[in-house]
**Student:** 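Dumping the structure here so I can ask a few things about it.
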Amino acid sequence: MKLYRSLNMIFLIIFIIGTVLCFKYLPGEIPLFMQSPSRWVFIEICFVLLLVLAVLAFFPHKISKSNSEVRNEITLAALNLLGLGIFLFYFVTVAEYCGLQMNYMKSIVLIAGGLMVLVGNLLPQMPYRSHIGFKLPWILKDKLCWQKTHRFAGYTAIPFGIIQCLLVLFVQNNNLVFLLGIGLWIIIVCIYSLCIFCRNKKNHNGYNRSDNTDNL
């Protein structure tokens, strides 16, 4: 998907916007483990890392040194995961200076949102009846339904995950954000899969009737 290649670029844009909004609240030095770099150094390092990952994501074949589509997709997923990690680390670090209290539940919702983004990269590649994926009865009966459902789930998981990570920083009700993020996404995917299955079944029955008519 083209969105996969632009994911780190999206992180970079959100990073820039968030930094502009939060900059005045940041102290001169950012305490990190055993060091305290200046806020400019901290911001510049995170910016450069995200920028490099955003550029590399458009050329995964250069990193994997292969023309294999599967290998390039895995490389792209790894780059996106690194970008997501840097993105979340940065905003969790600066959140407390902007008056955003980070508690246990917020951390869980952030991690869940990050996993949704990662899963969104992997779902379209899941082989038919894989151990991972949406394994509802009607999905398992129809290979085309499986493929379309997981492609759709991959497309939607990424924006839902990103929105969930952003909402949890500004909405007090973390449980509501969690339900809206993961719960609503799962419901939408399940409804979509059922619609696809019914449509495929209807088309299949229509073809069978057409064949029978031709035989007569």
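The first residue of the sequence shown is numbered 1, and numbering continues consecutively from there.
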**Student:** To the nearest 0.5 Å, tell me how far L140 CG sits from C145 SG.
**Tutor:** 9.0 Å

**Student:** If you count every heavy atom of other residues, nucleotides or ligands that lies below 6.0 Å from F59 atom CZ, does the total exceed 12?
**Tutor:** no

**Student:** Please list all pairs passing the side-chain hydrogen bond (donor to acceptor under 3.5 Å, both in side chains) test where one or both residues lie in residues 181-199, with sequence neighbours left out.
**Tutor:** W138-S193, T156-W185

**Student:** Between I30 and Y97, what is the shortest heavy-atom contact and its length?
**Tutor:** CD1-CE1, 4.3 Å

**Student:** Do you reckon L144 sits in the same ILVMFWY cluster as L136, going by side-chain contacts under 4.5 Å, direct or chained?
**Tutor:** no

**Student:** Spell out, yes or no, whether V177 and I187 are grouped together once hydrophobic residues are joined by side-chain heavy atoms under 4.5 Å, including indirect joins.
**Tutor:** no

**Student:** Do side-chain atoms of R39 reach the backbone of L26 as a donor and acceptor pair under 3.5 angstrom?
**Tutor:** yes

**Student:** Going by heavy atoms in the side chains, are I196 and F152 under 4.5 Å from each other?
**Tutor:** no

**Student:** What class does the angle between the rings of F11 and F87 fall in, given that below 30° is parallel, 30 to 60° is tilted and above 60° is perpendicular?
**Tutor:** parallel

**Student:** Considering non-hydrogen atoms only, spot the tightest contact between I139 and F134 and give its length.
**Tutor:** CG2-O, 3.5 Å

**Student:** Is there any side-chain hydrogen bond (donor to acceptor under 3.5 Å, both in side chains) pair reaching into residues 82-91, and which pairs are they, with sequence neighbours excluded?
**Tutor:** T19-Y90

**Student:** Using the ring pair (Phe, Tyr, Trp, His ring centres under 6.0 Å) rule, take F23 and W40 through it: C-alpha gap first, then chi angles, then the decisive distance, then the call.
**Tutor:** CA-CA 10 Å; F23 185 78; W40 277 111; 4.9 Å; yes

**Student:** What's the spacing between Q164 CD and I182 CD1 if we round to 0.5 Å?
**Tutor:** 5.0 Å

**Student:** Hey, what do you get for CG (L123) to OG1 (T149), rounding to the nearest 0.5 Å?
**Tutor:** 10.5 Å

**Student:** Any heavy-atom pair between the side chains of F91 and V94 that's under 4.5 Å?
**Tutor:** yes

**Student:** How many angstroms lie between CG in L51 and CE in M9, if you round to the nearest 0.5 Å?
**Tutor:** 7.0 Å

**Student:** I need the R151 CZ to W146 CH2 distance, nearest 0.5 Å.
**Tutor:** 13.0 Å

**Student:** Could you tell me if the side chain of T93 sits less than 4.5 Å from the side chain of F42, heavy atoms only?
**Tutor:** yes

**Student:** If you count the non-hydrogen atoms of other residues, nucleotides and ligands that lie under 6.0 Å from CZ in F178, is the total more than 12?
**Tutor:** no

**Student:** Answer yes or no: is there a donor N or O on one side and an acceptor on the other, between the side chain of N8 and the main chain of L50, under 3.5 Å?
**Tutor:** no

**Student:** Could you walk me through whether F47 and I16 pass the side chain to side chain contact (heavy atoms under 4.5 Å, CB included) check?
**Tutor:** CA-CA 8 Å; F47 173 79; I16 295 172; 3.9 Å; yes

**Student:** In terms of hydrophobic clusters joined by side-chain contacts under 4.5 Å, are L166 and L184 together?
**Tutor:** yes

**Student:** Taking all non-hydrogen atoms of both residues into account, name the closest pair between Y155 and P159 and its distance.
**Tutor:** O-CD, 3.0 Å

**Student:** Treat each ILVMFWY residue as a node, draw an edge where side-chain heavy atoms are under 4.5 Å apart, and state whether F160 and L176 are in one component.
**Tutor:** no

**Student:** Ignoring hydrogens, what is the shortest heavy-atom contact between S36 and P31? Give both atom names and the distance.
**Tutor:** OG-CA, 3.7 Å

**Student:** Out of curiosity, does L179 fall in the hydrophobic cluster containing V119 (side-chain heavy atoms, cut-off under 4.5 Å, transitive links)?
**Tutor:** no

**Student:** My understanding is that only one of L12, L7, L82 makes a side chain to side chain contact (heavy atoms under 4.5 Å, CB included) with L53; could you say which?
**Tutor:** L82

**Student:** Looking at A157 and M116, what are the two nearest heavy atoms and their distance?
**Tutor:** CB-O, 3.5 Å

**Student:** Between CD1 of I14 and SG of C165, what distance do you get to the nearest 0.5 Å?
**Tutor:** 9.0 Å

**Student:** So, for N200 and K148, which heavy atoms are closest and what is the spacing to 0.1 Å?
**Tutor:** OD1-NZ, 4.4 Å

